[in-house]
Amino acid sequence: MVSIDLYKNLPTSDELPDSDDTPVDNEDQNFLPNYLLFLLAIIWKDRNDWYFGVDMGIYHTSGDNPRVPVIPDGFLTVGVNRRRPGNKSRKSYVVWEEGGMVPQLVLEVVSWTPGNEYESKMAIYEKLGVLYYVIYNPEYYQRDRHQPFEIYRQIDGKYQLQTGEPYWLPEIGLGIGRSQATLGGIDREILSWFDQEGRRYLSAEELAQQAQLEAQKERQARLAAIAQLDNIGLTAEQISVALGLSINEVRQQLEES
């Protein structure tokens, strides 16, 4: 943590603009960072030591002017409170108000309009000290002469392209990579978090679907067991005891079958 005295003459988050009013170029620039955020809210639901920002300005002192932010599509900081003192939400991410904590990971989703993701923004994040820089470019990677998914790690102060997907982030305790998923009835490629064994974390929608399927399987198994015991001549009372079900539930299932 950096001494607060180093930042005493810098503006506060209330004095800094919290939006540049620049619209995103495509759906993924909004959807994917928010998807990663909502997924973290499930994975780390019992933790309050992290913050994930979407399309939010990061104010820092490593550039020429601390009043000029860099605005990634998404970023993650581990080691800060999710809410500001007084339970306030952040208007922007101001490094000198976060004890000098720089995001460990930033995400840029490349759009039709080149955003200098591979040039000036990379240089800014590198100088800022962001450990991991993720660039997702499924549509325009050939134009840009890069790969659809790239992750860079700072090594000796310089970004170096990494290999492997999903890529494990030991300092964060998650992996990140691409996957296919059906969300809102639409099959699509997404960015997602993964565990250390490479298993993708499921969304709230997918978890609900999984629970529904498991409940259906459990009901079918219960119906089959009741029918089987009924066929061999057990009474409803005996079936109730054997399966640990209420007598009313057994009788209802027998009547329905």
Side-chain angles (χ1 to χ4, degrees), residues 1-25 29-30 32-34 36-37 40 44 47-111 113-137 150-161 169 171-172 176:
M1 302 290 277
V2 180
S3 171
I4 194 170
D5 291 336
L6 295 176
Y7 302 132
K8 61 183 179 181
N9 295 322
L10 293 171
T12 68
S13 54
D14 289 330
E15 299 170 317
L16 295 166
D18 59 1
S19 173
D20 64 356
D21 297 319
T22 302
V24 298
D25 279 352
Q29 284 179 288
N30 183 271
L32 292 174
N34 276 294
L36 291 172
L37 167 59
L40 278 179
W44 289 345
R47 291 178 55 174
N48 291 307
D49 63 339
W50 60 274
Y51 183 76
F52 193 96
V54 177
D55 195 29
M56 175 183 286
I58 300 174
Y59 287 93
H60 57 97
T61 58
S62 59
D64 295 331
N65 186 344
R67 291 181 177 271
V68 178
V70 60
I71 307 175
D73 292 313
F75 66 88
L76 172 63
T77 308
V78 178
V80 297
N81 290 325
R82 290 185 67 184
R83 304 285 283 184
R84 297 287 296 147
N87 204 33
K88 294 181 180 179
S89 60
R90 289 170 173 82
K91 296 179 179 179
S92 51
Y93 189 90
V94 183
V95 170
W96 56 87
E97 291 186 346
E98 306 289 349
M101 287 289 293
V102 172
Q104 286 94 355
L105 179 145
V106 296
L107 165 68
E108 292 287 359
V109 180
V110 179
S111 66
T113 304
N116 296 311
E117 289 85 3
Y118 301 99
E119 296 87 21
S120 61
K121 276 201 167 182
M122 179 179 284
I124 291 171
Y125 298 137
E126 187 176 80
K127 188 175 180 181
L128 180 57
V130 174
L131 183 58
Y132 293 106
Y133 179 30
V134 179
I135 304 177
Y136 183 59
N137 188 3
E150 293 183 348
I151 182 163
Y152 295 83
R153 189 187 193 282
Q154 278 225 31
I155 300 176
D156 296 328
K158 294 293 183 181
Y159 277 135
Q160 294 187 20
L161 182 63
L169 313 163
E171 298 84 357
I172 296 174
I176 189 170

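Residues L131 and E171 form a side-chain contact, since some pair of their non-hydrogen atoms from C-beta on lies under 4.5 Å apart. Y118 places a side-chain heavy atom less than 4.5 Å from the side chain of V110. Counting heavy atoms from C-beta on, the side chains of V94 and T12 never come closer than 4.5 Å. A 4.5 Å side-chain heavy-atom check between E150 and L161 finds at least one atom pair inside the cut-off. When side chains are defined from C-beta on, R82 counts as touching W50, because their heavy atoms get closer than 4.5 Å. At a threshold of 4.5 Å between non-hydrogen side-chain atoms, the residues V134 and L105 count as touching. A heavy-atom distance below 4.5 Å is found between the side chains of M56 and Y51. Taking 4.5 Å as the limit, some side-chain heavy atom of V102 sits within range of a side-chain heavy atom of V130.
Of the possible donor and acceptor atoms, none in the side chain of R67 sits under 3.5 Å from a partner among the backbone N and O of Y59. Looking only at distances, a side-chain donor or acceptor of R84 sits under 3.5 Å from a matching main-chain atom of E97. The closest donor-acceptor contact from the side chain of K121 to the backbone of I71 lies under 3.5 Å. Without hydrogens or angle criteria, Q154 side chain to E126 main chain gives a donor-acceptor distance under 3.5 Å. Side-chain N or O atoms of Q104 include one that pairs as donor or acceptor with a backbone N or O of V78 at under 3.5 Å.
Nearest heavy atom pair, residue G57 against residue P69, reads CA-CB, 4.0 Å. Across all their heavy atoms, P33 and G74 have their closest contact at CB-CA, 4.3 Å. In terms of heavy-atom proximity, K127 sits nearest to S62 at CE-O, 2.9 Å.
Atoms OH and CE, from Y152 and M122 in turn, are 4.0 Å apart once rounded to the nearest 0.5 Å. Summarising the geometry, atom OG1 belonging to T77 is positioned 6.5 Å from atom CE belonging to M101; distances are rounded to the nearest 0.5 Å. In this structure, CG in L37 is found 12.5 Å from CG in L32, a value given to the nearest 0.5 Å. If you take OH on Y136 and CG on L107, they are separated by 10.0 Å, rounding to the nearest 0.5 Å. The CH2 atom of W44 lies 5.0 Å from the CG atom of L76; values are rounded to the nearest 0.5 Å.
A side-chain hydrogen bond (donor to acceptor under 3.5 Å, both in side chains) with Y125 is found for exactly one of E117, E108, H60, namely E108. Screening I151, V106, I176 for a side chain to side chain contact (heavy atoms under 4.5 Å, CB included) involving Y132 leaves a single residue, I151.
Ring-plane geometry between Y93 and F75 is classed as perpendicular, the angle between the planes exceeding 60 degrees on a 0 to 90 degree scale with a lower cut at 30.
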